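Taking it in order: structure first as structure tokens, then the write-up.
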Amino acid sequence: MGESIRKGISGEPVIDDAKERTKSLYPFHEMERRARKLWNEEGLFEIRDPMTAERPFYCLNMFPYPSGDLHVGHGRNYILGDVVTRLKRMQGHSVLTPMGWDAFGLPAENAAIEHKIHPATWTRRNIARMKEQLVSWGLAYDWNREIASCDPTYYRWTQWLFLKLYERGLAYRAKGTVNWCPSCNTVLANEQVVDGKCERCGTAVETRDLEQWYFKITAYAEPLLRDLDQLVHWPEKVRVMQTNWIGRSEGATIRFPVSGSKESIEVFTTRPDTLLGATYVVLAAEHPLISQLKERGAFPRQAADLVERLRRARLGDRFGVETEKEGAPAGIEAVHPLTGAKIPIWVANYVLMGYGTGAIMAVPAHDQRDFEFAKKYKLPIVEVVRGPDGAFDGRAAYEGEGTLVNSGAFDGLPSPEGKRAIIGALEAKSAGEASVHYRLRDWLISRQRYWGAPIPMVTCERCGVQPVPESDLPVLLPDQVEFKPTGESPLRTNEAFLNTSCPKCGGPARRESDTMDTFVDSSWYFLRFLSPKSDRVAFDSAAVNRWLPVNQYIGGVEHAILHLLYSRFMVKVLRDMGLISFSEPFERLFTQGMITKNGVKMSKSKRNTVAPDDLIQRYGTDTVRLYTLFIGPPEKDAEWNDRGVEGAYRFLQRYWKLVEDVAAARDARAARTGGKHPAWSSTGARRELRRRVHQLTAQMLADMDRLHLNTAVSGMMQLVNALQEYLDGGGDRTDPEVQEGMNIGTRLLAPLAPHTAEGAWALLGGSGSIFTAGWPEASREALERDKVTLVVQVNGKVRSSIEVPAGADRAVIEAAALADPKVRSYASGKTVAQVILVPGRLVNVVVP
RNA sequence: GCCCGGGUGGCGGAAUGGCAGACGCAGGGGACUUAAAAUCCCCUGGGGUGUAAACCCCAUGCAGGUUCGAGCCCUGCCCCGGGCACCA
């Protein structure tokens, strides 16, 4: 930032000079102070009683993790939300605009390890610092409703939710192969593993077999998928991502008996029509049948070696399309459920335990993966589906649909009928049935870390795993623990915490020492804001039902799956418990793009962050807000440019000068005339100015509604330019069109640059806060014009323009267009084939 | 590989199928000033015709198409960003 400070002749910065000068020119510091005081005193953005506040509108920004300093990229998110808040407030809504802190999480704990500072201290300090920054952006939050997820008054209810899910069988403990991040020293949910790496720190994820707590989100796979259709105000992109993540596949579950045993192998396939082409069966390395075979000593050495190797391999190395397919015979055979033929069973690296049943039927003629594998290990390939391009060529699998062949009684059926017929045949033999599988896995919520909500469960020697009674909540995080990066839960270092008594029998018991994934905290916080201090309930159902779904939710697209999916899940669970009456938490979602510097995302580690503090000090809050909004379409990424900030500053100065001029002239006139409102002019420049003001009013409302705030700022600039040009052209500052233009313009500016607009409002003689002044509406009468200019095209090329009366009919316009000298020069000697007329816009004369 | 976005001046970007480049930044010229800063005014996609007023041609990644008219719609291709990816 230092480079951008202007240098004086001597090379010394001239900031102090500039500050002095600007103080008189555009007194932003003073205005900021006064405006904030006014808003606080009036409580304009506070909801006193959620049940009686009129026309509720809930505008929410994703609450931040208190990592320390905010940069201008974060600001974009909050400023966007603030514009919506202020606009809705001006439109007469009671706006709920709360803020809180997603305050549990790893960085605090890592700070504890590195700097010997308690996570709570570190977090509190960051919250204080970040709150200061949010305030300096002029954001209108109802701070009476502030919450922090690390506060026992909050996490008590996170624990309560856990118990509710447990009661309903939606929280369960299970042993399984889980993702483990060796750097964060904890397990991760599937959603937190990206490309085999930890979503947070980028370390390659390993697998471990552990007993962990899960939330049964898969029980809601279908509603989570189906209800995406309702979310018409969500970005298409996010809905697509969630659809892919849930990953619904329709097909059939088929059981292949194991030859000479009572066992059978269950497989899932989306292509039951290819069943007759199944020439072998493949098991994943972790398939339970393998350990049984091992126990019996019936598992070939070669296969056992492969399984061992795969289990040790890192997740990222093991899977991927580039990985060479590898397998070994499992030493047993399966019986084809329809033909009775014996086919070999293999173990291979290309089948995953985490999807379907962990076993597949291989149809090499119609699945490229099976095809490659069959080629490599010389397994039989049988064509059973014939596509439109003729018979299977033996070079690659044919994966499309077609007509069944080599399928006995099913020959000649098209694939869809074939699927139904084969499923029917399987059902008749109880060998299979139609089924649906999802890619979505259950949500692993245990974390072997300290700074999170303790899982409220105990293990009794006699009664087993028992929930902590609701009345005993919260299970408090003890202060005294050792922070060591050992991979063991730090809570295990506190014996007093661990040792407890069984809620059922009173005997000795041990507390669960893991804490919950912080995404549990954030999956319900939007409900808490309606009753942030309640020690009676997690959330006030009546108030929540009145205010939710959140009308406008704003945040980064990086939460497209994690937070947004979990929140949707939680809301559906709470609905099914009868605690809330809606099914989706967020009606409208807006995902803003990030701000880059030198082409890359701003981050502390890249040392390319732009801090708001200096800029706000030097140019004022509203300058920074305006530039941040103007930088580009809010859903797209944008490059920060310090020179652009100066442009916004120049604009506000020009605007302010105009306010002072117009206000002074108005006062002078009022003194002369006793404040009588003069009449509108119906002609000329005055009329045109008024039309322009109202036209921009309409445009800016449309822009703001769509959150196209870059063009809204542009519209504001045009409005000021129009007024300035009118005055420069000899217009009178006391003309009612000018006075009205300033009045309307100032209200239009208010959501964007609230402090400046508030200051201007006072100067222009407005009463009270501008945010109670109402939103200006474009007057239909002002928008009317008596003459319109039409573009005249010949064969689609612009050649001229004509002016016609506004209501002119077709014949008049055509005649005027054809009479135009330019048109005549292009059309002379030719017959006019057609005249296209677009009312109010253009005439196109078509000649051969 | 599949699924989304996106490609427009020197830059950020505007444009319900109807005057491409609004608005701003940067740049050039001028006014003010002893000078600079700040401010204000004018110019600013490329090429061409004209003394001038004016006028013409080209131009929204590339190639086609639909249309009276395409940055916008359709087909194919290239490039950039994001998501998913042995998902059975």
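No experiment lies behind these values; they were computed from the predicted model shown.
RNA chain B is contacted by both A/Val240 and A/Tyr627; A/Val240 maps to the nucleotide lying nearer its 5′ end (nearest heavy atom per residue). RNA chain B is contacted by both A/Val846 and A/Glu639; A/Glu639 maps to the nucleotide lying nearer its 5′ end (nearest heavy atom per residue).
Among the protein residues, A/Tyr826 comes within range of the sugar-phosphate backbone only, with heavy atoms under 4.0 Å from sugar or phosphate atoms but none that close to a base. If you check every strand for non-hydrogen atoms under 4.0 Å, A/Arg799 touches sugar and phosphate atoms only.
Between A/Arg441 and B/rC87, a side-chain N or O to OP1/OP2 separation shorter than 4.0 Å is absent. Phosphate proximity of B/rC58 to A/Lys797: present, with a side-chain N or O under 4.0 Å from OP1 or OP2.
Counting to the nearest Å, the P atom of B/rG83 and the CD atom of A/Glu236 are 17 Å from each other. Between A/Trp640 atom CH2 and B/rG12 atom C1' there is a gap of 13 Å when expressed in whole angstrom units.
With sequence neighbours left out, A/Arg239 forms a salt bridge (Lys or Arg N to Asp or Glu O under 4.0 Å) with A/Glu236.
Among B/rG6, B/rG82, B/rA88, the nucleotide with an atom closest to any side-chain atom of A/Lys636 is B/rG6. Closest contact between the side chain of A/Met241 and the listed nucleotides B/rC57, B/rG13, B/rG83 involves B/rG83. When distances are taken from the side chain of A/Val351 to each of B/rC87, B/rC57, B/rA88, the shortest belongs to B/rA88. Side-chain atoms of A/Lys822 lie closest to B/rC56 of the nucleotides B/rC68, B/rU39, B/rC56.
Judged purely by distance below 3.5 Å, without hydrogens or angles, the side chains of A/Tyr438 and A/Ser249 never pair a donor atom with an acceptor atom. For the residue pair A/Asp728 and A/Gln724, a side-chain donor N or O sits within less than 3.5 Å of a side-chain acceptor on the partner.
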How does RNA chain B look in dot-bracket form if you count Watson-Crick and G-U pairs under 3.5 Å, write [ ] for pairs that cross, and put | where a base pairs with another strand?
-> (((((((..(((.....[....))).(((((.......))))).(((((....)))))..(((((..]....))))))))))))....
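On a pure distance criterion of 3.5 Å, a polar donor-acceptor pair joins the side chain of A/Lys325 and the base of B/rC86.
Just one of A/Tyr649, A/Phe651, A/Trp640 meets the ring pair (Phe, Tyr, Trp, His ring centres under 6.0 Å) condition when paired with A/Tyr627; it is A/Trp640.
Summarising the geometry of A/Val792 relative to A/Ala817, their closest heavy-atom pair is CG1-CB, 4.4 Å, with the distance given to 0.1 Å. In plain terms, the two heavy atoms of A/Glu250 and A/Phe268 that are nearest each other are C-CZ, 4.2 Å.
We find that A/Glu401 and A/Lys419 are joined by a salt bridge, their nearest charged nitrogen and carboxylate oxygen being less than 4.0 Å apart. Ionic pairing of A/Glu433 and A/Arg255 is present here: one or more N-O contacts between side-chain nitrogen and carboxylate oxygen are shorter than 4.0 angstrom. At a threshold of 4.0 Å, the pair A/Lys376-A/Glu324 counts as salt-bridged, since one of the basic side-chain nitrogens sits closer than that to a carboxylate oxygen.
Of the P atoms belonging to B/rG64 and B/rG71, the separation is 15 Å, rounded to the nearest Å.
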For nucleotides 15-30 of chain B, 5' to 3', base contacts (B), sugar-phosphate-only contacts (S) and non-contacts (-) with protein non-hydrogen atoms under 4.0 Å give ---BB--BBSSS----
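Here the two rings, on A/Tyr377 and A/Trp346, have centers that are under 6.0 Å apart.
Base orientation at B/rG9 is syn, since its O4'-C1' glycosidic dihedral falls within 90° of 0.
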